[in-house]
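A short worksheet on the structure shown next.
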Amino acid sequence: MGGRVLSVASECVPLVKTGGLADVVGALPEALAAKGWEMRVLLPAYRSLRAEAEGWPVVWEEGDLWGGQGRVLAGEVGGKSVLLLDAPHLYDREGGPYAGPQGEFPDNAIRFAALSWIAARIAREGLAGWKPDMLHAHDWQAGLAPAYLAYYGAGGVKSVMTIHNIAFQGWAPGHMLGILRLPAHAFHPEALEYYGGISSLKAGLMTADWITTVSPSYAAELMRPEFGMGLEGVMAARGRVVSGILNGVDTTIWNPAREEPGFGPKTMAGKAAARARLCQEFGLEVPGPLAIVISRLTDQKGIDLLPAVIPDFILGGGGLIVLGSGEPGMEAAMRNLAARFPGRVAVRIGYDEALSHRLFSGADAVLVPSRFEPCGLTQMYGLRYGTLPVVSLVGGLADTVIGASPATLAAGAATGVTFHPVDAMAFGQALERLQALYRQPKLWAKLRANAMAHPVGWEASAAAYAGLYERLAG
Ligand SMILES: Nc1ncnc2c1ncn2[C@@H]1O[C@H](COP(=O)(O)OP(=O)(O)O[C@H]2O[C@H](CO)[C@@H](O)[C@H](O)[C@H]2O)[C@@H](O)[C@H]1O
């Protein structure tokens, strides 16, 4: 059948990215085009994007967008149809999407209400003859879009709200209700009221026609207090319209054959060369498995467990390269590890896409000890590159990695090492198992082959999204 979708988000590759949200929002248009769904992505025209939009036609003008004017510019980026909401008073600022040199922008609630407002208007009224069938809102920044449709009229458009991370809920104080153009009757626990204030994410969850999250396990976890982060009741109440659709990864960008000659499911010579070069680049000499961590350095990602488990891993012959940035205490802890184990541990604080490709190419294992993980992308890059994932059994990690055990090894199904609960003891034991597997080259080669054969592309997920859109639109 097919149709038109307006996708609304605060990030999208290749334009702006701080995390996995951008990867997924950026990958969906192409994945869904193959299923007959034409998708346009609406994003704020942050300062970093204004040059990109130079010369793009203005397709929408809004006279009163919270203290200034807004315009929507339409263009194409990397084959994607992009709509940029240009409102300099809200988005033309130094810094990233959410924060500047002084920290979080104090008016984020308004900045993303404006994005959601325009999304709802375009969805309802259509854009120069382009009328969407579906509005797809991602995370709290787009959460008010389904709410505005619900409160101001949807014009026949259905809405889907996708949760990439329920930890970010878009809370604003209750007195902002009118400012955010929300009706008084919505200030209610059965609607968007949340701990005396307004949650944009809750607003989206309560008003969208359907809710998805990025893995089946996370969908189930979200209804429990350990993972729902206060919204478990909302998720349970709306349980009949919740589904989990696993993310895919872009297998063109994440392609071993593109990284190295002689690197692919049939030959690993290229991977050995990449490993040697990586060790040289970082001044490492590692007799055992070379592990990597590529991550935001936060509590969610379990980074604080590394100092407890890495010393034994190093004693056992292992090595580690960390690439990431985040909480200052964790950055310092990573630097300490590197200082303690020169020649075995290296740390690069920062964000570096090109380096992340070299790391996945050359490493033996990728460590993902997350406390919660809605889907996770790095374990999937690991599978594709034969860089065995060592993951905690939560959320999407549990849905994508098959842990090595006598049974899964015998069945030829194992693709990595898994552990539970998420603590230093279980993580340490998982690393011991990794080292034992590494000492058995035949088994290791089999695990790698299993991992690389595991499908991680968008095909299955795109079909699931298309099926959902079709059900809703029909
Ligand atoms: N320093 C660095 N340098 C280079 N690249 C770096 C980097 N730090 C991180 N990255 C990259 O950023 C992305 C992170 O995506 P994840 O899915 O792993 O987590 P994130 O928590 O951001 O996403 C949230 O949304 C996504 C999308 O739905 C969910 O998969 C996830 O579980 C959820 O927490 C990956 O592409 C990774 O390679």
Side-chain angles (χ1 to χ4, degrees), residues 7 9-14 16-28 31 96-98 136-142 160-169 201 211-219 221-222 227 229 244-251 253-254 292-303 321-327 330-331 334 346-361 363 366-385 387 389 391-392 394-401 456 458 461 465:
S7 174
S10 57
E11 302 183 23
C12 174
V13 291
V16 51
K17 168 169 168 176
T18 71
L21 166 69
D23 292 304
V24 174
V25 172
L28 280 175
Y98 318 115
H136 193 155
H138 296 272
D139 272 352
W140 77 265
Q141 294 88 354
V160 176
M161 178 86 232
T162 293
I163 306 168
H164 295 266
N165 193 338
I166 210 161
F168 305 112
Q169 305 182 342
L201 180 62
I211 298 167
T212 71
T213 187
V214 288
S215 71
S217 286
Y218 194 57
E221 287 170 351
L222 284 180
F227 292 99
M229 304 215 171
I245 302 177
L246 210 55
N247 290 333
V249 304
D250 187 325
T251 49
I253 296 176
W254 295 96
I292 53 172
V293 170
I294 300 177
S295 181
R296 294 185 286 115
L297 304 179
T298 64
D299 189 64
Q300 171 191 344
K301 302 293 184 178
I303 300 300
I321 305 175
V322 179
L323 168 63
S325 63
E327 291 167 22
M330 293 192 194
E331 292 184 356
M334 295 303 105
V347 171
R348 188 73 60 82
I349 301 297
Y351 188 91
D352 189 337
E353 194 91 24
L355 174 57
S356 77
H357 280 258
R358 294 202 297 285
L359 292 172
F360 280 109
S361 299
V366 56
L367 313 183
V368 196
S370 304
R371 292 203 164 75
F372 67 93
E373 196 60 77
C375 177
L377 299 174
T378 56
Q379 84 281 10
M380 293 203 269
Y381 303 146
L383 290 171
R384 180 132 171 93
Y385 281 60
T387 305
V391 306
S392 52
V394 295
L397 300 175
D399 290 344
T400 50
V401 180
V456 292
W458 272 102
S461 316
Y465 278 112

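We count residues from 1, following the sequence as given. Atoms considered below: every heavy atom in the structure, side chains included; atoms not considered: hydrogens, waters and symmetry mates. Every number for a ligand or one of its atoms is a count from 1 in the order of the listing.
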Exercise. Which of the numbered atoms in ligand 1 are below 4.0 angstrom from a heavy atom of Ser295?
Worked result: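 Heavy-atom distances to Ser295 below 4.0 Å select 8 (N).
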Problem set entry | Thr18 and Glu11: side chain donor to acceptor below 3.5 Å |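 On atom types as modelled, these side chains qualify, holding a pair under 3.5 Å.
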For this session: Might you point out which heavy atoms bring Arg371 and Asp299 nearest each other, and give the distance in Å?
Result: NH1-O, 2.9 Å
Heavy-atom distances under 4.0 Å decide this one: backbone, side chain, both or neither, for [X] against ligand 1?
| X | result |
| --- | --- |
| Asp23 | side chain |
| Val24 | side chain |
| Asn247 | side chain |
| Asp352 | backbone |

Exercise. Does Glu327 come within less than 4.0 Å of Arg296, counting only side-chain N to carboxylate O?
Worked result: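 Between Arg296 and Glu327 there is no salt bridge, as every charged N stays at least 4.0 Å from the carboxylate O atoms.
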Say whether [X] and ligand 1 are in contact under the criterion: heavy-atom distance to a ligand atom below 4.0 Å.
| X | value |
| --- | --- |
| Tyr218 | no |
| Arg348 | no |
| Gly350 | yes |
| Gln379 | no |
| Gly376 | yes |

Problem set entry | Ring centers of Tyr381, Trp254 separated by less than 6.0 Å | yes
